[in-house]
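Here is the structure we will look at.
Proteins get letters first, then strands, A, B, ... in listed order; numbering begins at 1 in each.
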There are 2 protein chains.
Amino acid sequence: MSSVTIKDIAKLAGVSHTTVSRALNDSPLINPETKERIKAIAGSLQYTPNYSARSLVLDRSYNLGLFFSTLRTGTSAGFLYEAIKGVNDVIKDEYNLIVRGIDDYKSFHQVNRKSFDGIIVMSQSASDQPFIEYAAEKGIPLIVLNREIEDVQVMNVVPDDQSGAFRMTEYLIQQGHRRIAIIEGKEGFKSTQSRRDGYLEALRKYHVAFSEAMSAQGNYDLESGYAAMNRLLDLPERPTAVFCCNDDMALGAVKAITERGLKVPDDLSVVGFDDQLFSAFMTPALTTIRRPIEEMSRAGAAKLLAFIESKQLEHETVYFHTELVIRDSVKTIAGG
Amino acid sequence: MSSVTIKDIAKLAGVSHTTVSRALNDSPLINPETKERIKAIAGSLQYTPNYSARSLVLDRSYNLGLFFSTLRTGTSAGFLYEAIKGVNDVIKDEYNLIVRGIDDYKSFHQVNRKSFDGIIVMSQSASDQPFIEYAAEKGIPLIVLNREIEDVQVMNVVPDDQSGAFRMTEYLIQQGHRRIAIIEGKEGFKSTQSRRDGYLEALRKYHVAFSEAMSAQGNYDLESGYAAMNRLLDLPERPTAVFCCNDDMALGAVKAITERGLKVPDDLSVVGFDDQLFSAFMTPALTTIRRPIEEMSRAGAAKLLAFIESKQLEHETVYFHTELVIRDSVKTIAGG
DNA sequence: CACAGAATTGCACACGTTAACAATGCTCTT
DNA sequence: AAGAGCATTGTTAACGTGTGCAATTCTGTG
């Protein structure tokens, strides 16, 4: 039951534990025959190295941290899923992927270079800033995904939210819409800001008037989209199209519209942002912006690993293009 | 930059590193004043213990493994999300949560008692069996969630799938349906079996005839539900209700139905299983069975931690009740 | 004052691994 | 045949922490 160590193997092979260590690590110093013999013994004893001991002497934890702003409400399931999938695809077999919510920490005490070989922050909010600064200051290899970081020097991979929102709004205008409402994301999130900016930029460019009444605050969850849409429907002069700042809220918005006996897109057009897994299967299928979370995660993880191994630093921010996915939730208005 | 150890603190405090170790671990042996002094110094130096060293001597890794059958296709986002959320809520601050797909391992070599203080397997398929047996044999504290394990002695927390499927089918029958189709889950999954069994059991109990044509194979993803539904719609004598073995497939089914110009539930009733986050916001809102993944994960994690700390073993299987969630996707057929 | 016993601290080793350096034996060259 | 140099293996220390046991100091009691 008690686990076998290299010393046990050494005893059986009649060599020193050093030789065993070298043999198992494929050191060229060891005679091929001895090496084979030792490996055979190790195999038959089902030897597995003690990672704690190895970590201690090599000063590597074999842990990679994947941190989200929160694992409570606020992080969508698809988001978590794609991020984990992307990172997991890339990390070598030898790394452990540790998942945590930043807001789970009372203190960042336990976060240090000994415990994490590297850290990936999937940042959704400015509230992550202290954590990012802490990790950066501790000298832990660090990459921040999804949210643009300005003050601190870190590796950064982000989607181009603003151009995505611009493209979407432009598309609605091109389909003849002029009264275009926006259901906004959670306050304080950078993405909320960027998407609003893209929306406004498009309105400006095409000389479409913006009115405050056309903006409803949401917080990125289903219910808030439902509630915000109801407020918009109560307006004396309703919009003809609604740009929801994510797909969850679009789902809620469609629900609100349908409940009033109206139809999407015949009576009202609805678009989203994110391209969640379910969006293609909504009724109607949702026109939205795809934000390549999985690809970004994969790229970010690869970049982090490369840095850990080479210590070659690149601080430039990488932008990932979003993509307009046209489906069935927008009506083309004749004349314009 | 090089990290501070208890020896550094010892030097500054003018004591031995033993005393520092004891002080920081709140040993009653140490004079309260010395203790305070040492803690103050540790705090001012921002000391953080080296977990590798501690692990080595204490023979604890502080790692908890959360294993899914796969992180590639087959695990739904909501499933992953709820499981992580539930476990994360419970684990003490001192544990790392390591997430992996079992099918990522070429060999289970790295999985041992030194690397994991405990393992939670969120099992979705019989293909997990070798892994479970391996972990059990290695003597790693182990709990299996979601799938019932028969041959191996392990802690087990599972939903009562069969009674859930039974309840759902019974409900459809009570609403007057007699031609009830089933879109089945992925072959080889125990859940597929249990849900079919519950479905058949209800048919038998209420003397409703079953025909093979009413069964369409799926594999738990959206597309397969879409395809299976199309096959059912091609039948000369269509069903009046379809029991989809999960919500993703129900979403696909609704899509297929709508595309043919038919309406749910007016022309065809559709129900699901799992109660995903989006199900309440589909059009129409989906009637489904809630499987309490998050609660099960929470209970399982708590049970595992209790075992790790007390070594008090309980091998009985815990069943979690599912719940029928009635929404708007079923039509009541008059007369029956 | 002496001494028992408690309170407090230190010494030395252990955990399992890696690696610098030393040591041994062998081969080849001259 | 002697020495250089290579191939192979062993000796020893180190990583940072926890702990059994010995050592010291302190307290109280007779």
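With dT17(C), dC15(D), dC15(C) as the candidates, the nucleotide lying closest to the side chain of Leu56(A) is dC15(D). You'll find that the side chain of Ser16(A) is closest to dG10(D), out of dT19(D), dT18(C), dG10(D). Of all nucleotides listed (dT17(D), dT9(C), dT9(D)), dT9(D) comes nearest to the side chain of Thr19(A). In this structure, of dT9(C), dG16(D), dA13(D), it is dA13(D) that holds the atom nearest to the side chain of His17(A). Here the nucleotide nearest the side chain of Leu58(B), chosen from dG16(C), dG18(D), dT18(C), is dG18(D).
Residue contacts for Thr34(B): at a heavy-atom cut-off of 4.0 Å it reaches the sugar-phosphate backbone alone, with no base atom in range. Within the 4.0 angstrom heavy-atom criterion, only backbone atoms of the sugar-phosphate kind lie near Tyr47(A); the bases stay farther away.
The pair Asp161(A)-Lys190(A) does not meet the salt-bridge criterion, since no charged nitrogen lies less than 4.0 angstrom from a carboxylate oxygen. The residues Glu33(A) and Arg37(A) are annotated as not salt-bridged, no charged nitrogen and carboxylate oxygen being separated by less than 4.0 angstrom.
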Can you give me the N/O atom pairs linking the protein to nucleotides 20-27 of chain D at distances under 3.5 Å, or say none if there are none?
{"from": "dG20(D)", "atom 1": "O6", "to": "Arg22(B)", "atom 2": "NH2", "distance (Å)": "2.9"}

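In this structure, Tyr62(A) and Tyr95(A) have tilted ring planes: the angle between them lies in the 30° to 60° band.
Projected onto DNA chain C by closest heavy-atom contact, Ala53(B) and Pro32(B) fall at different nucleotides, the more 5' of which corresponds to Pro32(B).
Counting only residues at least two apart or on different chains, the side-chain hydrogen bond (donor to acceptor under 3.5 Å, both in side chains) pairs with a member in residues 45-57 of chain B are Asn112(A)-Thr48(B).
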Which is it for Arg72(B) and Asp104(B) under the salt bridge (Lys or Arg N to Asp or Glu O under 4.0 Å) test, yes or no, and what are the steps along the way?
CA-CA 9 Å; Arg72(B) 309 175 208 283; Asp104(B) 281 335; 2.7 Å; yes
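In this structure, Asp117(A) contributes its side chain and Ser61(A) its backbone to a donor-acceptor pair below 3.5 Å.
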